[in-house]
Amino acid sequence: MVKRREQQAELTPAEAVDRIWKLAEEIDICMFVTWDGQYNRARPLSARVSREENAIYFLVNDHSAKNKQLSTYPKVTLAWSDSRHYKYATISGSAAVTNDRKKIADLWEKTDAAWWDNADDPEIRLITVKPDEGELWDSPGLVVATAKMMFAAVTGSKPDVGDNAKVDL
């Protein structure tokens, strides 16, 4: 694993990778960002994170703008935000839409019934994202970050309000 740029924290690249995967798994809903040739388009989707498979999966409808965008522009960015705890992560990579019925059934959760009747619904498609790189911003939380910013303002120093690292995945 090679650092893509100098890290702003005391994290090793391996620690940064671990934290990015952990945040993605814990936060669940991410903004799924595609390119349509003119604009970036973002929408919230539930991420099924599998570090063991080096993949993030999404169940989606067959007929959607994002599926068409991915056929032409497969590069995506996924952004997770836990603003209550000041923790954020992004993963960028390549996405592909498939009709892998076995994987759809494996990933099916009870909450998916809000969108489809069951895992056999013929309208469900699978988006698989294979990560290239990730970035995290991981703060100790609002109270600690605020105290550090106030101290920095009084002393004229720069506040250390958490970790930021960009790494290859």
So which heavy atom on [X] is nearest to which on [Y], and how close?
| X | Y | result |
| --- | --- | --- |
| Q38 | W35 | O-CH2, 3.2 Å |
| D120 | N118 | N-OD1, 2.8 Å |
| V129 | A95 | CG2-CB, 3.9 Å |
| D132 | S94 | OD2-N, 4.2 Å |
| P131 | I91 | CB-CG2, 3.5 Å |
| A119 | R101 | O-NH2, 3.1 Å |

Non-neighbouring partners of R51 that pass salt bridge (Lys or Arg N to Asp or Glu O under 4.0 Å), sequence neighbours left out | D18
Is any NZ, NE, NH1 or NH2 atom of the basic residue among [X] and [Y] found under 4.0 Å from an Asp or Glu carboxylate oxygen of the other?
| X | Y | result |
| --- | --- | --- |
| R48 | D112 | yes |
| K68 | D36 | no |
| K103 | E53 | yes |

Test side chain to side chain contact (heavy atoms under 4.5 Å, CB included) on V60 and K66 and set out the steps.
-> CA-CA 9 Å; V60 299; K66 70 184 147 304; 3.5 Å; yes
L11 reachable from I20 in the ILVMFWY side-chain graph, under 4.5 Å edges =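 Both belong to a single hydrophobic cluster.
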Kindly compute the distance separating [atom1] ([X]) from [atom2] ([Y]), expressed to the nearest 0.5 Å.
| X | Y | atom1 | atom2 | value |
| --- | --- | --- | --- | --- |
| L23 | C30 | CG | SG | 12.5 Å |
| Q69 | Y39 | CD | OH | 13.5 Å |
| I127 | L45 | CD1 | CG | 6.5 Å |
| R43 | F58 | CZ | CZ | 10.5 Å |
| D138 | K87 | CG | NZ | 3.5 Å |
| H85 | I27 | NE2 | CD1 | 10.0 Å |

Determine yes or no for a side-chain-to-main-chain donor-acceptor pair under 3.5 angstrom, with N67 supplying the side chain and D62 the backbone.
-> yes
Output yes when a side-chain donor or acceptor of E15 lies under 3.5 Å from a complementary backbone atom of T12, and no otherwise.
->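 Yes; judged by distance alone, with no hydrogens or angles, the pair exists.
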Check the pair D28 / S46 against side chain to side chain donor-acceptor pair (under 3.5 Å), numbers first and verdict last.
-> CA-CA 6 Å; D28 178 34; S46 176; 2.9 Å; yes
Before giving the answer on side chain to side chain contact (heavy atoms under 4.5 Å, CB included), spell out for W21 and L169 the whole-Å C-alpha distance, their side-chain angles and the decisive distance to 0.1 Å.
-> CA-CA 9 Å; W21 281 104; L169 293 176; 4.0 Å; yes
Besides L126, the hydrophobic cluster formed by Ile, Leu, Val, Met, Phe, Trp and Tyr side chains linked at under 4.5 Å, directly or via other members, contains Y57, L59, I104, L107, W108, W115, W116, I124
Show your reasoning for whether side chain to side chain contact (heavy atoms under 4.5 Å, CB included) applies to Y73 and T34.
-> CA-CA 8 Å; Y73 305 103; T34 58; over 6 Å; no
Taking atom types as modelled, is there a side-chain donor on S64 or N61 under 3.5 Å from an acceptor on the other?
-> no
Between the side chains of S92 and T77, is a donor N or O closer than 3.5 angstrom to an acceptor N or O?
->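 Yes.
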When you look at I56 and F32, which way does the side chain to side chain contact (heavy atoms under 4.5 Å, CB included) test go after all the steps?
-> CA-CA 11 Å; I56 300 107; F32 186 98; over 6 Å; no
